[in-house]
Protein chains: 2
Amino acid sequence: MRMEVLSIGEAASRSGVPPKTIRYYEEIGLIAPAERLENRYRAYDENDVQTLRFIQRARRLGFSLKEVAALLGLYRNRRRASKDVKRLALARVAELDRKIAELKAIRNTIADLAERCHGDHRPECPILDELESHAH
Amino acid sequence: MRMEVLSIGEAASRSGVPPKTIRYYEEIGLIAPAERLENRYRAYDENDVQTLRFIQRARRLGFSLKEVAALLGLYRNRRRASKDVKRLALARVAELDRKIAELKAIRNTIADLAERCHGDHRPECPILDELESHAH
DNA sequence: CTTGACCCTCCAGCTGCTGGAAGGCCTAGA
DNA sequence: TCTAGGCCTTCCAGCAGCTGGAGGGTCAAG
């Protein structure tokens, strides 16, 4: 694999992570500080792009930056134990299940209220009444 | 209804909205600046508590502060049209449906990967491989 | 040689709070 | 009367995870 030198913009378009976000990741230490060219431009290679893609996919799956950092560590560690990765993944699934259930409950509450609301020019609407007086 | 004067702490415990959050709501203009006693303490009454409860319930239903502001406006407007309220509610439902579907997809992706991961001391784990190479 | 597209750093802001510092006030007990 | 504590006040900072902009430097094309 030839190690072509990529600018931050090129690394961005190849990885899907915007330049600003790449700099941010560097700033918070998620990725190592990039090499610099003589003009102080950051220089990347395909490995960096790969890492950025890894990060982006993990982020898309809803892993927090802290979790992504952990995953990156496991990813880079050849002696990695799949137990740790699985633990992170299952924790994320549990969290998602909790969140989904919560959103569903809220969704149904609002949908019920909306159904009982005329939705015309008349002022009667149980949504506001509910918000006003519902004893939770 | 007697208009007992309540301190911010009392208003907080009666409404369920913490003092800091009440001050914050005042700061961003969600609620009107509170009257002040001679010692500069904020003074509230039952009406204010009612409003805070309204806000809290709307927040629990996941309405953003902007939406809450709109709901408050409609709530206070006697000539309010239920159409506007319903529109807000349905928009929220649609947004929730979108979010729920998204989280479900993510959840299933991670759960699938976790299932195929040994979860022991062995290094093989498709989760990392997927993050590494999955062409999205 | 100029124009425009990059790149750099630094600072501010987004949402919705929350914590803490530094100070004022008020009540109760010793 | 003093003091301890628990309120209250303001202001500043920080959480996550970026994103936008200002004010500059650099570079390649025409």
Side-chain angles (χ1 to χ4, degrees), chain A residues 4-31 33-45 48 51-52 54-72 92 95-96 99 102-103 106, chain B residues 4-31 33-45 48 51-52 54-72 92 95-96 99 102-103 106:
Chain A
E4 195 185 347
V5 165
L6 305 170
S7 72
I8 195 170
E10 288 160 338
S13 62
R14 290 196 197 199
S15 66
V17 180
K20 284 241 157 190
T21 304
I22 298 176
R23 290 193 197 99
Y24 171 70
Y25 287 166
E26 178 181 314
E27 187 192 329
I28 63 169
L30 182 63
I31 57 179
E35 304 291 318
R36 300 296 185 120
L37 302 177
E38 295 195 352
N39 56 14
R40 299 173 40 77
Y41 285 18
R42 285 174 181 82
Y44 299 91
D45 60 26
D48 299 321
T51 298
L52 287 169
F54 181 99
I55 293 172
Q56 211 215 11
R57 281 175 201 131
R59 290 290 298 133
R60 273 209 209 128
L61 291 180
F63 288 95
S64 71
L65 288 184
K66 234 175 190 167
E67 289 171 321
V68 172
L71 286 170
L72 265 181
R92 184 82 200 115
E95 174 68 20
L96 283 167
K99 190 82 189 170
E102 184 190 335
L103 292 185
I106 290 172
Chain B
E4 193 185 347
V5 166
L6 304 170
S7 72
I8 196 172
E10 288 161 340
S13 60
R14 291 195 196 201
S15 66
V17 180
K20 284 240 155 186
T21 306
I22 297 176
R23 291 193 197 100
Y24 172 70
Y25 286 165
E26 178 181 315
E27 188 191 327
I28 63 169
L30 182 62
I31 56 178
E35 305 290 318
R36 299 296 184 120
L37 302 178
E38 296 195 350
N39 56 14
R40 300 173 36 78
Y41 284 18
R42 286 174 181 81
Y44 298 91
D45 61 26
D48 299 321
T51 299
L52 287 169
F54 181 99
I55 293 172
Q56 211 215 11
R57 281 175 200 129
R59 290 290 296 134
R60 273 210 210 127
L61 291 181
F63 287 96
S64 72
L65 286 185
K66 234 176 189 164
E67 289 171 321
V68 172
L71 285 171
L72 266 181
R92 183 84 198 110
E95 174 67 19
L96 283 168
K99 190 82 189 171
E102 184 190 336
L103 291 185
I106 290 172

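Naming convention: chains lettered A, B, ... in sequence-line order (proteins, then strands); numbering from 1 in each chain.
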Min side-chain heavy-atom separation A/I22-A/I31 under 4.5 Å: yes

Report the residue (B/R59 or A/N39) whose heavy-atom-nearest nucleotide on DNA chain C is the more 5′ of the two. A/N39

Taking OP1 and OP2 of D/dC18, is either one under 4.0 Å from a side-chain nitrogen or oxygen of A/Y25? yes

Below 4.0 Å: OP1/OP2 of D/dT10 and any side-chain N or O of B/R36: yes

Apply the salt bridge (Lys or Arg N to Asp or Glu O under 4.0 Å) test between A/R42 and each candidate in A/E26, A/E27, A/E35; give the one that qualifies. A/E26

Rounded to whole Å, CD of B/E26 lies from P of D/dC11 at a distance of 12 Å

Using a heavy-atom cut-off of 4.0 Å across all strands, would you classify A/I8 as base, sugar-phosphate, or nothing? sugar-phosphate

Check the distance between C/dG24's P and B/L37's CG and give it to me in whole angstrom. 19 Å

Hey, does B/E4 have a side-chain heavy atom less than 4.5 Å from the side chain of B/D45? no

Spacing between A/Y44 atom OH and C/dC8 atom C1', to the nearest angstrom: 12 Å

Does any non-hydrogen side-chain atom of A/R92 lie less than 4.5 Å from one of A/F63? yes

If only side-chain N and O atoms of B/R40 are considered, is one of them under 4.0 Å from the OP1 or OP2 phosphate oxygen of D/dC8? no

Could you give the CD-to-P distance, from A/E27 to D/dC15, as a whole number of Å? 12 Å

From CZ of B/F63 over to P of C/dG16, roughly how many Å is that when rounded to an integer? 13 Å

Only counting residues at least two apart or in another chain, list the ones meeting side-chain hydrogen bond (donor to acceptor under 3.5 Å, both in side chains) with A/R59. none

Per-nucleotide protein contact string for nucleotides 19-25 of chain D, where B marks a base within reach and S marks sugar-phosphate only (heavy atoms under 4.0 Å, - for neither): SBB---B

Is A/R42 touching bases, backbone alone, or none of the nucleic acid, heavy atoms closer than 4.0 Å? sugar-phosphate

Taking C-beta and beyond as the side chain, do B/L65 and B/Y24 meet within less than 4.5 Å on heavy atoms? yes

